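What follows is one structure encoded as structure tokens, with my remarks underneath.
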Amino acid sequence: IKAAIMNTAGTPVRTGPDGIELAPQRVGVGRVNAKAAVDNSVLAMVADMPGAVSVSFGTVEVVARMSMTRTVRLVNKGTKPVEIMATYEEVTKTPGVRYEIPRGPVRIPPRGTAPVSVTLRIDDPLALRRTIDPTVASTHSDLARQFVTDASGRLVLTPKTGPQLR
């Protein structure tokens, strides 16, 4: 149920009608669409972390070039094969950090599963900069705010037919 609700929350939360999109780290995947969750036949969840839907790398200590990969398991609950394109939609950018998603369609057999890898890459640790989410005030009560730099976004799954999943 959790995966169906999170995967179909398609409308991002913003600071206002035409405002900046808030990062998933702060507000989650978006606004819940209960009907879409019920009608959805494909689920996405983190294979490496049972019970998790959101991919997380936690707090990463970087001293050299590095990469980490998590696997998202796509589950087709339907009776027909499904073909999906997976992409990464950046929301909060951090210099020196990038995410990679394999190119090309992912084919999920009826009542079957397929993996999609999400790789965090830091090629040059010297390029890293401590940046604050643009929707967060840099001071609080006239004091500098403490924060953890966050590079976040969404894995977007686009089927040949039907709505996008996140």
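Treat the numbers as computed from the prediction; the structure is a model and nothing was measured. Counting begins at 1 with the first residue of the sequence.
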Donor-acceptor list for residues 103-118 side chains, cut-off 3.5 Å, not counting sequence neighbours:
{"residue": "R107", "atom": "NE", "partner": "E83", "partner atom": "OE1", "Å": "3.2"}
{"residue": "R111", "atom": "NH1", "partner": "K77", "partner atom": "O", "Å": "2.3"}

Task: Side-chain touch I84/T158, heavy atoms, less than 4.5 angstrom - done: no
Mind listing the side-chain donor-acceptor pairs of residues 37-49 below 3.5 Å, one per line with the distance, residues two or more places apart or on another chain?
{"residue": "D39", "atom": "OD2", "partner": "K35", "partner atom": "NZ", "Å": "2.6"}
{"residue": "N40", "atom": "OD1", "partner": "V42", "partner atom": "N", "Å": "3.2"}
{"residue": "N40", "atom": "ND2", "partner": "V42", "partner atom": "O", "Å": "2.4"}
{"residue": "D48", "atom": "OD2", "partner": "T71", "partner atom": "N", "Å": "2.5"}

Open item on the list: With rounding to the nearest 0.5 angstrom, report the CD1 to CG distance, I122 to L120.
Closed with: 5.0 Å
Task: Spacing of T87 atom OG1 and I101 atom CD1 [to the nearest 0.5 Å] - done: 7.5 Å
Open item on the list: Can you give me the closest heavy-atom contact between N76 and G78, atom names plus distance?
Closed with: OD1-N, 2.7 Å
- [ ] Can you measure from CZ (R98) to NZ (K93) and round to the nearest 0.5 angstrom?
- [x] 10.5 Å
Open item on the list: Please evaluate residues V156 and E89 with respect to the criterion side-chain contact (heavy atoms from CB on, under 4.5 Å), reporting the C-alpha separation (whole Å), side-chain torsions for both, the decisive distance (0.1 Å), and the verdict.
Closed with: CA-CA 7 Å; V156 179; E89 177 184 277; 3.7 Å; yes
Open item on the list: Just verifying a value: how many Å separate R154 CZ and Y99 OH, rounded to the nearest 0.5 Å?
Closed with: 13.0 Å
Task: Chi angles and distances behind the side-chain hydrogen bond (donor to acceptor under 3.5 Å, both in side chains) call for S67, T119 - done: CA-CA 7 Å; S67 68; T119 301; over 6 Å; no
Open item on the list: Nearest 0.5 angstrom please: L143 CG to S138 OG, how far?
Closed with: 11.5 Å
- [ ] Treat each ILVMFWY residue as a node, draw an edge where side-chain heavy atoms are under 4.5 Å apart, and state whether Y88 and L157 are in one component.
- [x] yes
Open item on the list: Let me confirm one number: the CZ-OG distance from R70 to S56, rounded to the nearest 0.5 Å.
Closed with: 7.0 Å
